[in-house]
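Worksheet: one structure, shown below.
Each ligand, and each atom within it, is numbered from 1 in the order the structure gives.
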Amino acid sequence: RPRVVSGVQPSADSLHLGNYVGAVRNWVRMQDENECVFFVADLHAVTVEQDPATLARRTRVTAAQYIAAGIDPERSTLLVQSHVPEHAQLAWALNCITGFGEASRMTQFKDKSAKQGADNATVGLFAYPVLMAADILVYQAHAVPVGEDQRQHLELTRNLAQRFNTRFGDTFVVPEPKILAETAKVYDLQQPTAKMSKSAASENGLIRLLDPAKKNAKKIKAAVTDDGTEIRFDREAKPGVSNLLTIYSALTGRPVDEIVAEYEGRMYGHLKVGLAEVVTEVLTPIQQRAQELLDDPAELDRILARGAEKGREVTAATLSTVYERMGFLPRL
Ligand code: TYM
């Protein structure tokens with residue numbers, strides 16, 4: 001079965017709707033036909049400063065949300081990135097075949113380091129996309145379901161896989177990005193031309209999976225909409241309404257056209273009320289399940305330990321091949 005790998009950084013106390021609609025929700029469906037590895041990217045989170053206790057808490061909370069959203073730790077491998085040392089070990093090897101200029105061209109690094117000031121950005125932040133390549137290649141993944149913002153990192157991953165294969169002999173599967181056109185980018189509710197992100201300019205632009213239904217409904221009702229009154233999908237002329245329709249469609253599994261037809265002749269406010277109900281309906285059971293899991297952290301930790309063990313069966317084999325091909329002297 002094809003192997004699928006993906007992850008989210010535990011950099012907040014809740015996933016947001018962009019992570020869910022753009023990534024995690026699509027992972028759930030892929031479990032049927034693929035051998036999936038989903039991990040919590042804690043090594044990536046520390047590329048910016050983290051409070052240690054907060055990081056540990058958020059790592060559990062993120063894992064709990066994966067399961068609550070429908071990732072089945074029996075069928076899929078669910079693990080914490082730092083529990084599987086081969087991620088970081090392979091990253092070092094890949095760092096040594098990555099060009100400095102090549103890494104400098106990563107737009108996410110350029111954006112983030114510009115925000116922080118070049119002197120505050122860490123070497124870890126610079127090397128972040130190479131670690132991401134290692135996360136994927138260490139499992140010999142065929143497909144990587146992510147949002148649009150990760151496309152360039154996937155391109156780098158493919159380049160590094162091909163480069164390694166050319167230089168040292170066929171070692172890695174060259175992975176394909178799985179970026180679903182409809183949900184590749186969920187936009188900020190207050191600024192519907194910017195992606196929804198935890199570093200949003202306004203708190204009101206962001207829907208968190210674990211926030212109370214009322215709070216989320218209020219934000220949806222306050223979402224920026226567009227000139228005119230007609231409810232139709234048009235990213236250019238109607239980015240606000242189109243974003244609401246995208247989220248509505250993703251969460252219900254109904255085509256956008258059908259939703260547009262349902263709301264024909266009605267006002268933006270009606271669409272918002274409808275969407276708030278849909279969001280509540282989808283998130284309430286996820287919140288309940290996540291809470292149950294967090295109430296029993298020992299069981300959650302056992303699930304993660306099993307995941308790490310399963311993961312290592314694959315990663316240890318990849319790493320030993322890589323080390324051998326690179327000429328590292330085998331330890332007796
Ligand atoms: P992160 O934690 O920023 O985001 C997790 C996933 O959510 C997607 N996403 C979105 N999709 C649609 N609309 C949005 N507004 C939106 N915001 C976020 C992201 O595209 C991503 O799929 N580097 C990664 C984590 C990572 C990873 C990996 C992913 C580390 N190693 C290996 C795949 C494979 C990141 O920071 O994602």
Ligand 1 atoms nearer than 4.0 angstrom to some heavy atom of Met196 are 14 (C), 15 (N), 17 (N)
Heavy-atom proximity to atom 19 (C) of ligand 1 ranks first, among Thr62, Asp149, Val146, for Asp149
Using heavy-atom distances, let me know which of Pro177, Ala23, Ala141 sits nearest atom 6 (C) of ligand 1. Ala23
Would you mind checking if Arg151 and Glu148 are paired as a salt bridge, meaning a charged N to carboxylate O distance below 4.0 Å? yes
Partner of Glu35 by side-chain hydrogen bond (donor to acceptor under 3.5 Å, both in side chains), out of Arg75, Arg1, Arg3, His142: Arg3
Relative to ligand 1, is His16 under 4.0 angstrom through side chain, backbone, both or neither, heavy atoms considered? side chain
Answer side chain, backbone, both or neither: which part of Phe38 comes under 4.0 Å from ligand 1, heavy atoms only. neither
Where on Ser197 is there a heavy atom closer than 4.0 Å to ligand 1, on the side chain, on the backbone, on both, or on neither? neither
Indicate, as side chain, backbone, both or neither, the part of Val21 found under 4.0 angstrom from ligand 1 when only non-hydrogen atoms are considered. neither
Answer with yes or no whether Tyr128 contacts ligand 1, where contact means a heavy atom under 4.0 Å from a ligand atom. yes
Checking Asp135 against Gln81 for the side-chain hydrogen bond (donor to acceptor under 3.5 Å, both in side chains) test, could you report, in this order, the C-alpha distance in whole Å, the side-chain angles of both residues, the deciding distance, and whether it holds? CA-CA 8 Å; Asp135 298 333; Gln81 189 184 25; 2.9 Å; yes
Check for me whether Pro129 has a heavy atom closer than 4.0 Å to any atom of ligand 1. no
Protein heavy atom at shortest distance from atom 4 (O) of ligand 1: Asn19 ND2, 3.4 Å
Have a look at ligand 1 and work out which part of Ile136, if any, has a heavy atom under 4.0 Å from it: side chain, backbone, both or neither. side chain
Quick check: does any side chain N or O of Thr318 sit under 3.5 Å from a backbone N or O of Val314, one acting as donor and the other as acceptor? yes
Can a donor-acceptor pair be found, under 3.5 Å and without considering hydrogens, that links the side chain of Lys272 to the backbone of Lys221? yes
Salt bridge flag under 4.0 Å for residues Arg208 and Asp13: no
Rounded at 0.5 Å granularity, tell me how far CD1 in Ile231 sits from CG in Leu244. 9.0 Å
Is the closest heavy atom of Thr183 to ligand 1 under 4.0 Å? yes
Is the distance between the ring centroids of Tyr66 and Phe38 less than 6.0 Å? no
